[in-house]
Number of protein chains: 2
Amino acid sequence: MTEHPDAPRSRRERPAKPALSRNGIVATAVALVRSEGLQRVTMRRLAQELDTGPASLYVYVRNTAELHAAVLDDLLGSVDLTPVTTPGDWQDRLIRILGSYGDVLFEHPGLAQSALVARPSGERYLDLVEAVLALLAEGGVPGDRAAWALDLLLQFATATAAEHAPRAGAGSDESDRAEEWDALAAVLRGTAADTHPHVAALGADLLAGSGEERLDWGFRVLLNGVLHTPR
Amino acid sequence: MTEHPDAPRSRRERPAKPALSRNGIVATAVALVRSEGLQRVTMRRLAQELDTGPASLYVYVRNTAELHAAVLDDLLGSVDLTPVTTPGDWQDRLIRILGSYGDVLFEHPGLAQSALVARPSGERYLDLVEAVLALLAEGGVPGDRAAWALDLLLQFATATAAEHAPRAGAGSDESDRAEEWDALAAVLRGTAADTHPHVAALGADLLAGSGEERLDWGFRVLLNGVLHTPR
DNA sequence: ACCTGAACACCGTTCAAGT
DNA sequence: ACCTGAACACCGTTCAAGT
């Protein structure tokens with residue numbers, strides 16, 4: 001109303017520093033996570049991006065854990081929930097949704113790690129929960145089991161993604177991971193058959209299979225298990 | 001042989017600074033984890049305890065992740081593996097072993113978090129793996145399934161323990177966790193039945209049950225699932 | 001009332017230089 | 001050859017003081 005067309009001409013230099021707000025902070029954090037990865041999204045770095053000091057963020061965000069939860073909830077917006085209403089086997093559709101959830105986390109394993117410790121509870125997360133419960137109900141899973149099955153399924157997907165998080169500290173990556181895998185394979189090969197017969201017998205089979213195959217099998221194990229295990 | 005009885009009398013002040021070694025470093029780290037918790041066992045703090053600078057540790061330990069893995073493997077020595085050779089139902093015995101593994105991790109959730117990212121591969125871990133595989137074999141689980149079931153079972157126990165890890169940063173504790181739980185309960189109560197009918201229908205049931213009950217049920221779900229899910 | 005500079009109390013890791 | 005002081009490049013969080 002009484003707003004000047006080009007109002008406060010004070011000290012504004014280029015892109016105009018927008019006022020801080022929780023949404024703005026989270027949105028900037030999401031953009032930063034997308035472009036540079038979670039490791040770089042520290043309170044200090046985020047503050048710098050917003051052209052302020054880190055202390056200012058604490059007016060809108062309780063701590064780093066809460067920030068991560070908010071970022072994750074935002075990213076969860078890209079989970080494909082359409083299989084809820086698609087025709088076909090309910091287990092396959094449920095696994096497709098969980099797989100989509102897993103995909104999001106696989107791109108940000110550090111967030112998966114956070115999610116394990118501080119479960120998100122935002123809008124998008126709630127939508128995901130609703131979708132999973134809807135399909136479990138469609139499959140005839142009793143309510144009391146569905147409640148716990150939900151956690152089992154999401155925890156499995158989350159933990160599997162978290163396994164790929166970079167270890168803190170010095171930048172490692174593919175090479176480190178491969179090295180680790182080789183080391184583990186060597187340990188297994190070197191395991192004496194007389195002290196660890198079962199390990200020796202299975203040998204390389206213990207490491208067989210792609211992550212995707214294992215994930216899919218794990219989901220089916222959980223679903224079959226839920227169907228066969230009353231409380 | 002040619003050792004002087006009270007040899008190098010040089011600069012030694014009281015408890016005699018022992019020479020550094022990988023074992024000594026890990027043993028000190030374990031003691032420190034036991035007495036002060038993982039959060040306090042940083043490279044710097046550990047070096048201080050050993051009366052040297054942090055750089056010296058890197059002669060014996062590649063990085064923090066490796067140190068954590070070594071500490072965990074040591075602590076795994078207190079996992080009770082006796083149920084392997086005890087009479088009784090194999091599933092119950094297996095769950096007892098997994099429960100004992102879980103107990104160790106529950107005391108050090110931060111280590112559980114590390115274990116998720118950098119799987120241990122030490123002696124004690126191998127003993128645990130052997131025990132789990134032995135019982136799966138006793139239960140008639142085919143080898144190819146047992147190999148993957150092993151990971152599923154250990155990952156579930158590990159992830160469940162990791163959930164209790166303290167969020168990095170400012171010291172939180174019981175009160176923070178209770179607050180979080182209340183917040184989640186409030187979100188569930190406030191969930192509209194028309195947008196999220198299944199969430200609303202289950203309501204507080206979603207949070208029902210103690211951690212122990214859920215853990216036990218989870219193990220049984222996994223075992224039943226494994227028995228019913230070929231690869 | 002709202003915001004934040006500056007400080008507090010730390011980190012992991014590396015590497016040039018010492019013994 | 002082995003070890004390490006000192007530096008590099010950071011952290012999260014708080015709070016007294018400013019506007």
Side-chain angles (χ1 to χ4, degrees), chain A residues 8 10-11 17-22 24-26 28-29 32-33 36-71 110 113-114 117-118 165-173 175-176 179, chain B residues 8 10-12 17-26 28-29 32-33 36-71 110 113-114 117-118 165-173 175-176 179:
Chain A
S10 44
R11 24 86 217 149
K17 175 179 168 180
L20 284 183
S21 71
R22 187 172 210 275
I25 289 170
V26 173
T28 305
L32 217 44
V33 166
E36 309 193 15
L38 185 70
Q39 307 96 56
R40 302 229 176 290
V41 187
T42 63
M43 289 300 209
R44 293 175 108 104
R45 179 69 214 289
L46 183 54
Q48 182 190 309
E49 204 73 12
L50 289 162
D51 205 8
T52 182
S56 306
L57 303 180
Y58 287 83
V59 176
Y60 305 96
V61 156
R62 193 191 299 275
N63 52 39
T64 307
E66 198 194 285
L67 176 69
H68 285 183
V71 167
Q113 221 175 354
S114 293
V117 178
R167 272 71 89 270
S172 52
D173 244 33
S175 68
D176 249 30
E179 207 175 289
Chain B
S10 44
R11 25 86 217 148
R12 177 215 296 177
K17 177 179 168 182
L20 284 182
S21 72
R22 188 174 209 274
N23 285 343
I25 288 170
V26 173
T28 304
L32 217 44
V33 166
E36 309 194 12
L38 186 71
Q39 307 97 54
R40 301 227 178 292
V41 186
T42 63
M43 288 301 206
R44 293 176 109 104
R45 179 70 215 287
L46 183 55
Q48 182 190 308
E49 203 73 11
L50 290 163
D51 204 8
T52 183
S56 306
L57 303 180
Y58 286 83
V59 177
Y60 305 96
V61 157
R62 194 191 300 275
N63 52 40
T64 306
E66 199 195 284
L67 177 69
H68 284 183
V71 167
Q113 220 175 356
S114 293
V117 177
R167 273 69 90 267
S172 53
D173 244 35
S175 69
D176 247 31
E179 207 175 288

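Throughout, protein chains are lettered first and strands after them, A, B, ... in sequence-line order, and every chain is numbered starting at 1.
The CG atom of B/D51 sits 11.5 Å away from atom OG1 of B/T28, with the distance rounded to the nearest 0.5 Å.
Applying the side-chain hydrogen bond (donor to acceptor under 3.5 Å, both in side chains) test to B/T42 and every residue at least two apart in sequence or in another chain returns nothing. B/R62 meets the side-chain hydrogen bond (donor to acceptor under 3.5 Å, both in side chains) test with no other residue; sequence neighbours excluded. Every side-chain hydrogen bond (donor to acceptor under 3.5 Å, both in side chains) that B/S56 has, sequence neighbours left out, goes to B/T52. A/Q48 is linked by a side-chain hydrogen bond (donor to acceptor under 3.5 Å, both in side chains) to nothing, counting only residues two or more places apart in sequence or in another chain. Applying the side-chain contact (heavy atoms from CB on, under 4.5 Å) criterion to B/Q39, with sequence neighbours excluded, gives B/P166.
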Secondary structure of DNA chain D in dot-bracket form (Watson-Crick or G-U wobble, distances below 3.5 Å, | marking inter-strand pairs): ||.|||||...|||||.||

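The separation between A/L38 atom CG and D/dC11 atom C1' is 14 Å, rounded to whole Å. The separation between A/H68 atom NE2 and D/dC11 atom P is 12 Å, rounded to whole Å. Atoms CE (B/M43) and C1' (D/dT4) sit 15 Å apart, rounded to a whole Å. Between the C1' atom of C/dC11 and the CZ atom of A/R45 lies a distance of 19 Å, rounded to the nearest Å. Distance CD (A/Q39) to P (C/dT13): 14 Å, rounded to an integer number of Å. Spacing between atom CD of B/E66 and atom P of C/dG12 amounts to 15 Å, rounded to whole angstrom units. The nearest whole Å value for the distance from the CD1 atom in A/I25 to the C1' atom in C/dT4 is 13 Å. We find that CG of B/N63 is positioned 14 Å from C1' of C/dC11, with the value rounded to whole Å.
Nearest heavy-atom pair across A/Q113 and A/A165 is OE1-CB, 3.4 Å.
Comment: B/R22 engages B/E66 in a salt bridge, judged by a side-chain N to carboxylate O separation of less than 4.0 angstrom.
Comparing the C1' positions of C/dA6 and C/dC10 gives an interatomic distance of 16 Å, to the nearest angstrom. For the C1' atoms, the distance linking D/dC2 with C/dA17 amounts to 13 Å, nearest Å. If you take atom P in C/dA9 and the same atom in D/dA9, they sit 25 Å apart, rounded to whole Å. Taking the C1' atom of each, D/dC11 and C/dA7 are spaced 14 Å apart, rounded to whole Å.
The side chain of B/V59 approaches D/dC3 more closely than any other nucleotide in the set C/dG12, D/dC3, C/dC3. Nearest to the side chain of A/T42, among D/dC11, D/dT4, D/dT13, sits D/dC11. In this structure, of D/dG12, C/dT13, C/dT4, it is C/dT4 that holds the atom nearest to the side chain of A/S56. Side-chain proximity of B/Y58 to C/dC3, D/dG12, C/dT13: nearest is C/dT13.
Between A/T64 and D/dT13 there is a side-chain N or O to OP1 or OP2 distance below 4.0 Å.
Comparing B/R44 and B/L57 against DNA chain D, the residue whose closest nucleotide sits nearer the 5' end is B/L57. Toward the 5' end of DNA chain D, the nearer of the two residues B/A55 and A/P54, judged by each one's closest nucleotide, is B/A55.
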